Amino acid sequence: MKPKVYLATTVPAEVEAYIAAHCAYGKWDQREPIPRERLLEEISDAEGLLTVGGRIDGELLELAPRLKVVSNVSVGYNNMDLAAMKKRGVMGTNTPHVLDETVADLAFALILSTARRVPELDRHVKEGKWERTSDERLFGVDVHHKTLGIIGMGRIGEAIARRGKLGFGMEVLYYNRRRKPEAEEKLGVAYRQLADLLRESDFVVLMVPLQKETTHLMGSEQFALMKETAIFINTSRGKTVDEAALIEALREKQIWGAGLDVFDEEPVSPANPLLAMPNVVTLPHIGSATRQTRFAMAMAAAKNLVAAVQGQVPPDLIPELRAGVEEPQ
Ligand code: NAP
């Protein structure tokens, strides 16, 4: 008998066919996220769950006694209560590597569009306000040959660094939990303590995973260290930033602007003051959202799901769970 799994998000037909070849499955096929109550009902007899960001906690695990694996269609896994999963011996997987270049592209899209005020000036043209090109009020700031500071020099951080270094001739600084001499050698980036990186950088990109230690990593103290001309970019998770402190820093002109793909609350409230600031470029958490990359992520998640319910170690078992989960035979 095929193992039973539940797909809490829609996947491309080819990915679904791959899962169907190996598993019996139920699926949520609505556009809106699956309501929690419905998910809890659906997974009561499932051995595997494929999901995008739904909360995986003690309550859910309690109600899914046969669950062996939760397969995230994302590289971040801050939705998972790793301690509860470890206790229950449930594996967790993510989709690293396949999205690195796509997310790095988006980080650069935010850098460029904030610095050169692309969305604001697009509106300016379309609203018929274009009078002359030498209007100083339309001027932005340069990106090329400036200093780029990356907080979190992981897979995506490195892809951003490469773009900055090779494409834009930037000086690239980084801060990371552990120093990475191999990245320094390979990419020509320089390590700095966080405070020094913030003081020296013209662009600060936040690219750490959301964990207890990185929650509000950027707060008023950190924004106060940045240059008044600097731009802050967040492509990690909303809660790595103290959003009230960011709003204050922008209002007080402690920094020049911000480019944000992620927010404390998502979808962001229309009343959020950040949305009314012309020097803030906002996106709806679309870092990895190209057809090609989302397909690759869904396929990677499907392969992790199938491997785990078949009793194999899935290719992308989350590092923190590797020691906690017995190697399946
Ligand atoms: P990764 O390869 O694991 O890189 C994360 C880096 O952050 C690692 O180098 C890690 O250091 C460092 N780090 C962890 N905790 C730290 C801390 N407390 N202080 C300083 N550095 C710390 O992950 P990735 O694939 O690059 O992805 C990073 C994150 O980006 C994901 O977790 C996800 O939340 C976010 N993301 C967002 C989008 C989007 O749509 N906006 C898309 C993809 C990913 P070590 O070398 O010591 O481990």
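Heavy atoms only: backbone and side chains are in, while hydrogens, waters and symmetry mates are out. Counting starts at 1 for both ligands and their atoms, following the listed order. This one's a predicted model, so the numbers in the text were calculated from it and none came from an experiment.
For ligand 1, one of its N or O atoms has an N or O atom of Arg178 under 3.5 Å away. Close N/O approach between Tyr175 and ligand 1 is not found [any backbone or side-chain N/O within under 3.5 Å]. In terms of N/O distances under 3.5 Å, ligand 1 is not approached by Gly157. In terms of N/O distances under 3.5 Å, ligand 1 is approached by Thr235. The distance criterion of under 3.5 Å between nitrogen or oxygen atoms is met by Asp261 with respect to ligand 1.
Proximity to Gly152 (heavy-atom distance under 4.0 Å) selects the following atoms of ligand 1: 7 (O). Residue His285 approaches ligand 1 through these ligand atoms, each under 4.0 Å from one of its heavy atoms: 39 (C), 40 (O), 41 (N). Within ligand 1, counting atoms from 1 as listed, the ones closer than 4.0 Å to a heavy atom of Gln211 are 15 (N). Less than 4.0 angstrom separates some heavy atom of Ile156 from each of these atoms of ligand 1: 24 (P), 25 (O), 26 (O), 27 (O), 43 (C), 44 (C).
For Arg162 and Glu101, the salt-bridge test passes: some basic side-chain N is under 4.0 Å from an acidic carboxylate O. Taking 4.0 Å as the cut-off between side-chain N and carboxylate O, Lys86 and Glu320 do not count as a salt-bridged pair.
Look at Pro96 and you'll find every heavy atom at least 4.0 Å from all atoms of ligand 1.
Using a 4.0 Å cut-off between heavy atoms, Arg155 contacts ligand 1 through both its backbone and its side chain. The proximity of Met207 to ligand 1, defined as any non-hydrogen pair under 4.0 Å, involves the side chain as well as the backbone. Residue contacts with ligand 1, taken as heavy atom pairs separated by less than 4.0 Å, involve Val75 solely via side-chain atoms from C-beta onward. If you look at Pro209 next to ligand 1, the close heavy atoms, those under 4.0 Å, come from the backbone and the side chain alike. Here Tyr77 has no heavy atoms under 4.0 Å from ligand 1, in either its backbone or its side chain.
The shortest contact between atom 4 (O) of ligand 1 and any protein heavy atom is with Gly154 CA, 3.1 Å. Among all protein heavy atoms, the one lying closest to atom 33 (C) of ligand 1 is Arg237 NH1, 3.6 Å. Distance from atom 45 (P) of ligand 1 to its nearest protein heavy atom, with residue and atom name: Arg177 NH2, 3.5 Å.
A donor-acceptor pair under 3.5 Å is absent between the side-chain atoms of Ser44 and the main chain of Leu40, judged by distance alone. No donor-acceptor pair closer than 3.5 Å links the side chain of Asp100 to the backbone N or O of Val103. Not one N or O on the side chain of Asp142 forms a donor-acceptor pair closer than 3.5 Å with the backbone of His144. With hydrogens and angles disregarded, no donor-acceptor distance shorter than 3.5 Å links the side chain of Asp264 to the backbone of Lys239. With hydrogens and angles disregarded, a donor-acceptor distance shorter than 3.5 Å links the side chain of Asn279 to the backbone of Trp256. Side-chain atoms of Asn176 come within 3.5 Å of backbone atoms of Met153 as a donor-acceptor pair (strictly under, hydrogens ignored).
Comparing heavy-atom distances from atom 17 (C) of ligand 1 across Val103, Thr102, Thr214 singles out Thr214 as nearest. The heavy atom nearest to atom 9 (O) of ligand 1, out of those in Thr240, Asn94, Asn176, Leu260, is found in Asn176.
Hydrophobic clustering (side-chain heavy atoms under 4.5 Å, transitive across Ile, Leu, Val, Met, Phe, Trp, Tyr) groups Val73 together with Val309.
Tested against Glu158 for a salt bridge (charged side-chain N to carboxylate O under 4.0 Å, His left out), the candidates Arg163, Lys186, Lys165 yield a single pass: Lys186. Considering Asn72, Thr51, Asp57 as possible partners of Asn79, the one that fulfils the side-chain hydrogen bond (donor to acceptor under 3.5 Å, both in side chains) test is Asn72.
Within the cation-pi definition used here (under 6.0 Å to the ring centroid, within 45° of the axis), Lys146 does not qualify as a partner of Phe203.
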